[in-house]
A.B. asks: 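There's a structure below that I have some questions on.
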There are 2 protein chains.
Amino acid sequence: MPSKPSPITMDAVYTAPGYLFRRMQQIAVSIFVEECSAFDLTPVQYAALVAIHTHPGIDATRLSAVIAFDRSTLGNVIERLESKALIERKPSRGDKRVKLLHLTKSGAAVLRDIMPSVERAQSRMLQPLKPADRKALLALLTQLVDLNNEASRVPLRAEDALEHLGKAG
Amino acid sequence: MPSKPSPITMDAVYTAPGYLFRRMQQIAVSIFVEECSAFDLTPVQYAALVAIHTHPGIDATRLSAVIAFDRSTLGNVIERLESKALIERKPSRGDKRVKLLHLTKSGAAVLRDIMPSVERAQSRMLQPLKPADRKALLALLTQLVDLNNEASRVPLRAEDALEHLGKAG
DNA sequence: TCCATATAGTAAGTATACTGTCAATCATGA
DNA sequence: TCATGATTGACAGTATACTTACTATATGGA
């Protein structure tokens, strides 16, 4: 038998996981930007720098798979990083379509220097919880993101990204 | 003594709570939009509709406090809801600055009809976890968002929002 | 070789999210 | 009452995030 629709209250919003994920993401960005204000880097730009540092000579499409960010969005992010002279784009010899990404000296220095601030930011996000709860939340979240990988518009493909090494350039 | 900086790996990104919150938020939006595609409503627009339904005659500033969304952003959201004829803006008699928000008949109908899809979406987000883990994650997340409320740019002020009732109009 | 298909990067369009700023309006206190 | 400061909604500007479409280029098979 069909159940009567329950009256709509704000709990329909406040207790919904989607709402909590959104709020927490906004809080996380806010904390990150605050801790890292001296470096003028957003969380997305930071992640891109790390990935380019870890995969020198990666191209934009693979970069998007490695950090699971949208390809179109990433184009703009790359532009901003380039205009700040933190990265360089060089044409690939093998494939005229792709542009290979490398950190500049300045980009490598910024990445090195920002790390302590990033770690402070990441700590602050979970700070209000008891240590055991921090571990539990992180474990559950890691698990959930992994299990939901295919549900995301841009699934994480960490493996694919390694193929390019040695092939391009 | 100062510790040597550890080499930067992708784990600096993958295991960071901020990164996991971002990924999970994107997955959540993706699932919501998919389940609710028949209604052409975004998660933010849905939350606004619920809040306006629950607080008829609320103004934009209080609405922003009730759902903890940025005031500037909310202006655009309200515009879109109005252009879809889901809500109405009426001038307040008491205060010439404010515009009071109400659902239209159409808005109330959409809100009633979309609820099952929203609930399916919210379920799907946590589906991959075991039931006990879903409860645990939700509890920790609720706690963390609440404890971090003041760290967010737009803290939730559910109480404030109730004051307006009976005063305005 | 040539054609169909696939891919890389780009661009346009929409929707959040936040920063500032501004004019109009309101509330308060001298 | 009048000057001051606060509030409301609007706007401009920047940065994600995603969709669709487009060009240039690669690649595979007939």
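Chain identifiers are assigned alphabetically (A, B, ...) following the order of the sequence lines, protein sequences preceding nucleic acid strands; residue numbering begins at 1 within each chain. All values derive from a computational prediction rather than experimental measurement.
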A.B. asks: Under 4.0 Å between a side-chain N or O of A:Thr61 and OP1 or OP2 of C:dG9?
C.D. replies: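 For C:dG9, OP1/OP2 do have a side-chain N/O of A:Thr61 under 4.0 Å.
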A.B. asks: Of B:Ala60 and A:Phe69, whose closest DNA chain D nucleotide lies nearer the 5' terminus?
C.D. replies: B:Ala60
A.B. asks: Does anything in residues 31-49 of chain A come within less than 4.0 Å of DNA chain D? Heavy atoms only, and list the residues if so.
C.D. replies: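 Going residue by residue through residues 31-49 of chain A, the ones with a heavy atom under 4.0 Å of DNA chain D turn out to be A:Thr42, A:Val44, A:Gln45.
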A.B. asks: Check the distance between D:dA10's P and B:Asp59's CG and give it to me in whole angstrom.
C.D. replies: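 Spelled out: CG on B:Asp59 to P on D:dA10 is 11 Å.
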A.B. asks: Could you give the distance from CG (B:Leu101) to CD1 (B:Ile87), rounded to the nearest 0.5 Å?
C.D. replies: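 Here the rounded value is 5.0 Å.
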A.B. asks: At less than 4.0 Å, is any side-chain N or O atom of B:Arg80 found next to OP1 or OP2 of C:dA15? Yes or no.
C.D. replies: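 Yes, within the criterion.
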A.B. asks: Go nucleotide by nucleotide along DNA chain C from the 5' end; which of A:Arg89 and A:Ser30 gets its closest nucleotide reached first?
C.D. replies: A:Arg89
A.B. asks: Between B:Ala85 and B:Ser106, what is the shortest heavy-atom contact and its length?
C.D. replies: O-CB, 3.9 Å
A.B. asks: Against B:Asp95, only a single residue in B:Arg97, B:Lys99, B:Arg93 fulfils salt bridge (Lys or Arg N to Asp or Glu O under 4.0 Å); can you say which?
C.D. replies: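 Testing B:Asp95 for a salt bridge (Lys or Arg N to Asp or Glu O under 4.0 Å) against B:Arg97, B:Lys99, B:Arg93 leaves exactly one candidate, B:Arg97.
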A.B. asks: Can you confirm whether the side chains of B:Ser117 and B:Arg120 place a donor and an acceptor under 3.5 Å from each other?
C.D. replies: yes
A.B. asks: Any chain of hydrophobic side-chain contacts (each under 4.5 Å) joining B:Phe32 to B:Val77?
C.D. replies: yes
A.B. asks: Summarise protein proximity over nucleotides 23-29 of chain C in one line of letters, 5' to 3': B for base, S for sugar-phosphate only, - for none, counting protein heavy atoms closer than 4.0 Å.
C.D. replies: -BBS---
A.B. asks: Whole angstrom is fine here: how far is it from CG in B:Asp70 over to P in C:dA15?
C.D. replies: 17 Å
A.B. asks: Compare every heavy atom of B:Met125 with every heavy atom of A:Leu144, then report the nearest pair and how far apart it is.
C.D. replies: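 Nearest pair, atom of A:Leu144 first, then B:Met125: CD1-O, 3.3 Å.
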A.B. asks: Which nucleotide wins on minimum distance to the side chain of B:Val77, given the candidates D:dG9, C:dT16, D:dT19?
C.D. replies: C:dT16
A.B. asks: Between B:Val44 and B:Thr73, is the side-chain contact (heavy atoms from CB on, under 4.5 Å) condition met? List the steps.
C.D. replies: CA-CA 10 Å; B:Val44 167; B:Thr73 305; 5.7 Å; no
A.B. asks: From C-beta outward on B:Arg71, which listed nucleotide comes closest to its side chain: D:dG9, C:dA8, C:dG20?
C.D. replies: D:dG9
A.B. asks: Which residue lies toward the 5' end of DNA chain C, A:Lys99 or A:Gln25, if each is placed at its nearest nucleotide?
C.D. replies: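 Closer to the 5' end of DNA chain C: A:Lys99.
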A.B. asks: Give a yes/no answer on whether the side chain of B:Ser72 brings an N or O atom under 4.0 Å of OP1 or OP2 in C:dT19.
C.D. replies: no
A.B. asks: Can you name the nearest heavy-atom pair linking A:Ala48 to A:Ile67, along with the distance?
C.D. replies: CA-CD1, 4.0 Å
A.B. asks: Decide whether A:Asn149 and B:Arg23 meet the rule of one side-chain donor and one side-chain acceptor closer than 3.5 Å.
C.D. replies: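 Yes, because at least one side-chain N or O of A:Asn149 sits under 3.5 Å from a partner of the opposite role on B:Arg23.
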A.B. asks: Roughly how many Å is it from CZ in A:Arg62 to C1' in C:dT7, rounded to a whole number?
C.D. replies: 10 Å
